[in-house]
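A short write-up of the structure that comes next.
Keep in mind the model is a prediction, meaning the values are calculated, not measured.
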Amino acid sequence: MTSVLPAAPQSLNAAAPAPLRILLDGIDRLGRLDGWIGGGCLLTLTLLMLCEVATRFLSNFLPFFPPTISIAWEYSSYLMAASFTFGAAMTLRVGGHIRVVLLLKNAPAPVQRALEILSAAAGFAFMAFLTSAMAKFAFGAYVRGQVSTSSDTPLWFPEAVVTFGMLLLTLQFLARAIQAALGLPLEDHRMKASPVE
């Protein structure tokens, strides 16, 4: 009896040495998770805003309805920050970030590779610093017991969520630098969303 399950897609990192292939494939999986979490945050944000509008509308006709959802604007800002940071790693992997490629397109292949390695390493260094600073910021809010003024939400939680999204982007820059150094594909177009027709 033969299996009818489709074969798993071939890893774009198959040419990498085994330990690096495992690392790069793991970062790719985290990048996919990153995109799904970002999409979930955006969906939740949309639902929260629709509920806020509906509540405001119903409160005009039904006196027992509250005029607003007290946490809607605060939580929408948390969800927006999370959706930005969670979408960034997957966007980098599929080549969706805005890039100025005028110099890159006109350079010889070895120079292109060197520029890709250099830019990915610079992105990694910058994001590592930013992630570290954000982690310290979130930890400081935890230690001080900081809460928001409007809902008493512990501020370390949304800050930690944003930090995790930044960490995933940092790892994706590391993977990109390794992929560029090994001559592997830098972008995985299989992860792109299909156009709606």
Side-chain angles (χ1 to χ4, degrees), residues 13 19-55 66 68-99 119-180 186-188 190-193:
N13 303 310
L20 284 179
R21 184 176 57 244
I22 292 168
L23 172 70
L24 295 172
D25 286 345
I27 292 172
D28 277 354
R29 283 188 197 93
L30 285 173
R32 282 187 187 90
L33 173 67
D34 180 64
W36 281 104
I37 294 172
C41 289
L42 201 53
L43 178 63
T44 305
L45 168 63
T46 302
L47 292 174
L48 181 60
M49 287 294 97
L50 288 173
C51 288
E52 171 70 10
V53 169
T55 300
T68 186
I69 299 173
S70 63
I71 61 162
W73 290 104
E74 177 186 348
Y75 277 52
S76 67
S77 64
Y78 299 153
L79 288 165
M80 183 58 71
S83 66
F84 284 155
T85 58
F86 277 120
M90 185 174 175
T91 304
L92 178 64
R93 183 60 171 137
V94 299
H97 285 288
I98 296 172
R99 298 176 60 188
S119 64
F124 170 73
F126 176 75
M127 283 308 302
F129 171 76
L130 195 58
T131 301
S132 172
M134 191 65 188
K136 290 175 186 173
F137 185 65
F139 184 70
Y142 173 76
V143 169
R144 289 187 297 279
Q146 289 179 319
V147 295
S148 69
T149 56
S150 59
S151 70
D152 288 334
T153 300
L155 290 177
W156 68 267
F157 185 74
E159 291 169 1
V161 168
V162 169
T163 303
F164 184 63
M166 290 177 165
L167 175 64
L168 294 177
L169 180 58
T170 304
L171 291 173
Q172 195 63 60
F173 269 116
L174 174 64
R176 189 175 182 94
I178 294 169
Q179 289 158 339
L186 299 179
E187 297 166 358
D188 186 352
R190 300 173 303 176
M191 294 171 72
K192 278 188 179 179

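- For the atom pair L168 CG and L92 CG, the distance stands at 12.0 Å (nearest 0.5 Å).
- Residues D25 and R21 meet the side-chain proximity criterion, which asks for heavy atoms closer than 4.5 Å.
- Here the side chain of T163 pairs a donor or acceptor atom with the backbone of E159 at under 3.5 angstrom.
- Each of F157, F137, W156 was compared with Y142 under the ring pair (Phe, Tyr, Trp, His ring centres under 6.0 Å) criterion, and only W156 meets it.
- A121 and A177 make their closest contact through N-CB, 4.2 Å (heavy atoms, listed as atom of the first residue, atom of the second, distance).
- Checking side-chain atoms of S76 against main-chain N and O of W73 turns up a donor-acceptor pair under 3.5 Å.
- Considering all non-hydrogen atoms of both residues, G87 and D34 come closest at C-OD2, 3.8 Å.
- Listed here is the closest heavy atom pair of A72 and E52: CB-OE1, 3.5 Å.
- Atoms CZ and CG, on R29 and L24 in that order, are 11.0 Å from each other to the nearest 0.5 Å.
- Nearest heavy atom pair, residue A160 against residue A138, reads N-CB, 3.9 Å.
- Taking each heavy atom of Q172 and A89 in turn, the nearest pair found is CG-O, 3.4 Å.
- Between L155 and Y78, the closest side-chain pair of non-hydrogen atoms falls below 4.5 Å.
- Here the CZ-CD1 distance, from F173 to I178, works out to 14.0 Å after rounding to the nearest 0.5 Å.
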*Could you walk me through whether M49 and V53 pass side chain to side chain contact (heavy atoms under 4.5 Å, CB included), step by step?*
CA-CA 6 Å; M49 287 294 97; V53 169; 5.6 Å; no

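- Considering every non-hydrogen atom in both G31 and M90, the closest pair reads O-CB, 3.3 Å.
- Under the side-chain contact (heavy atoms from CB on, under 4.5 Å) test applied with F86, the options L42, T91, V161 reduce to a single match, V161.
- Atom-to-atom distance recorded for L130:CG and L167:CG is 11.5 Å, nearest 0.5 angstrom.
- Rounded to the nearest 0.5 angstrom, E74 CD and L79 CG are separated by 10.5 Å.
- Atom CD in Q179 sits 8.0 Å away from atom CD1 in I27 (nearest 0.5 Å).
- For T170 (side chain) and M127 (main-chain N/O), a donor-acceptor pair under 3.5 Å exists by modelled atom type.
- Remark: the T153 side chain and the Y75 side chain contain an N/O donor-acceptor pair separated by less than 3.5 Å.
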